[in-house]
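Right, one structure below, let's go through it.
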Amino acid sequence: MEHDFELRDITKSYTRGKERLPIFTDLCLDVSNGDFIALMGPSGSGKTTLLNMLGGIDRPSAGTIRFRDQRLDGCSEAQLTRWRAKNVGFVFQFYNLMPMLNAAQNVELPLLLTRLDARTRQRNVATTLEIVGLADRSLHYPRELSGGQQQRVAIARAMVADPAVLLCDEPTGDLDRETADEIMTMLQMLNKELGKTIIMVTHDAAAARYAMRTLHLDKGRFFERTLADA
Ligand code: ADP
Ligand code: MG
């Protein structure tokens with residue numbers, strides 16, 4: 001199968017003062033087109049760092065990251081920003097919606113970076129809100145929505161520019177079991193029916209079961225389990 005991402009011998013360390021803090025060394029990973037990966041591991045193991053490298057927000061200290069036939073390491077900030085806007089949507093634990101914008105305006109935000117005219121933007125926003133089941137909440141402000149509904153708005157925002165990849169950092173971390181299952185069912189639908197490649201950090205084994213495979217990151221190394229082993 002074709003790969004969306006190929007990570008080769010990724011080394012990442014942060015420096016704090018004179019101290020060098022290694023996060024991982026020689027990490028390799030292939031992410032297939034249409035993959036759904038749950039990324040687990042102890043707090044501080046580098047899950048968010050890895051997600052940020054896949055999204056072109058952070059860079060490896062050494063090694064190569066390819067997205068399809070493009071090298072991401074070595075891209076300029078401007079190139080990465082353009083690449084990200086086109087190819088990646090982010091979903092966070094605490095939704096990160098703008099409180100003074102309604103649901104439709106929040107979802108529209110990524111489209112303001114494109115050349116789409118206002119009518120096309122509004123049509124795409126409406127379609128995306130419908131996909132996440134919130135067509136009737138488009139004029140609601142975040143404070144007027146439940147946690148699960150806010151996360152749906154955030155997923156719509158991540159999806160509205162039709163990226164190939166969704167990067168989700170503990171998307172159900174702030175939700176109760178039932179709402180978490182609704183959000184996971186939705187992510188699974190986006191993966192299965194719309195073919196989105198999803199990489200999701202989670203602490204929740206129940207949420208991870210919706211993915212096709214689970215990677216455990218610990219002490220800078222991966223331990224993998226696929227659905228077939230479960
Ligand atoms: P996780 O998401 O698995 O909890 P992170 O990727 O957030 O882990 O962090 C991994 C390690 O890298 C932690 O020890 C954290 O303190 C460190 N770290 C993360 N970002 C930075 C940074 N910008 N500068 C220095 N250290 C960082
Ligand atoms: Mg994290």
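Everything numeric in this text was worked out from a predicted model, so none of it was measured. Read the numbers this way: they start at 1 and go in the same order the structure lists the ligands and their atoms.
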| In the protein, what heavy atom is nearest to atom 8 (O) of ligand 1, and what distance, to one decimal place, separates them? | G46 N, 3.2 Å
| field | Pairing of D73 and R66 as salt bridge, 4.0 angstrom limit | value | no
| said: Quick test of your reading of the model: are R68 and E6 salt-bridged, counting only N-O distances below 4.0 Å? | reply: no
| message | Under 2.8 Å from the Mg ion (ligand 2), can any N, O or S atom of T49 be found? | response | no
| query | Considering only protein heavy atoms, which is closest to atom 7 (O) of ligand 1, and at what distance to one decimal place? | reply | T48 CB, 3.7 Å
| query | Linking I/L/V/M/F/W/Y whenever any side-chain heavy atoms sit under 4.5 Å apart, do M186 and V165 land together? | reply | no
| task | With rounding to the nearest 0.5 Å, note down the distance linking CG in D4 to OG in S32. | result | 8.0 Å
| message | To check your reading of the model: name the closest protein heavy atom to atom 4 (O) of ligand 1, its residue, and the distance in Å. | response | G44 N, 2.7 Å
| field | Residue and atom name of the nearest protein heavy atom (relative to atom 24 (N) of ligand 1), distance in Å to one decimal | value | Y14 CD2, 3.5 Å
| remark: Residue, atom and distance of the protein heavy atom nearest atom 9 (O) of ligand 1 read T49 OG1, 3.8 Å
| task | Consider every N or O of L21 and every N or O of ligand 1, then say whether any pair is closer than 3.5 Å. | result | no
| query | Does atom CD of E130 have more than 12 heavy-atom neighbours, drawn from other residues, nucleotides or ligands, at distances under 6.0 Å? | reply | no
| said: Taking CZ in R71 as the centre, count heavy atoms belonging to other residues, nucleotides or ligands within less than 6.0 Å. Is the count above 12? | reply: yes
| field | ligand 1 contacted by G41 (non-hydrogen, < 4.0 Å) | value | no
| field | Any non-hydrogen protein atom less than 4.0 Å away from atom 16 (O) of ligand 1 | value | no
| request: Scan side-chain atoms only and decide if T179 and D176 contain a donor-acceptor pair under the 3.5 Å cut-off. | output: yes
| query | Is there a donor-acceptor contact under 3.5 Å from the side chain of R157 to the main chain of Y95? | reply | yes
| For ligand 1, which atoms sit closer than 4.0 Å to a heavy atom of P42? | 3 (O)
| field | Protein heavy atom at shortest distance from atom 12 (O) of ligand 1 | value | I23 CD1, 3.0 Å
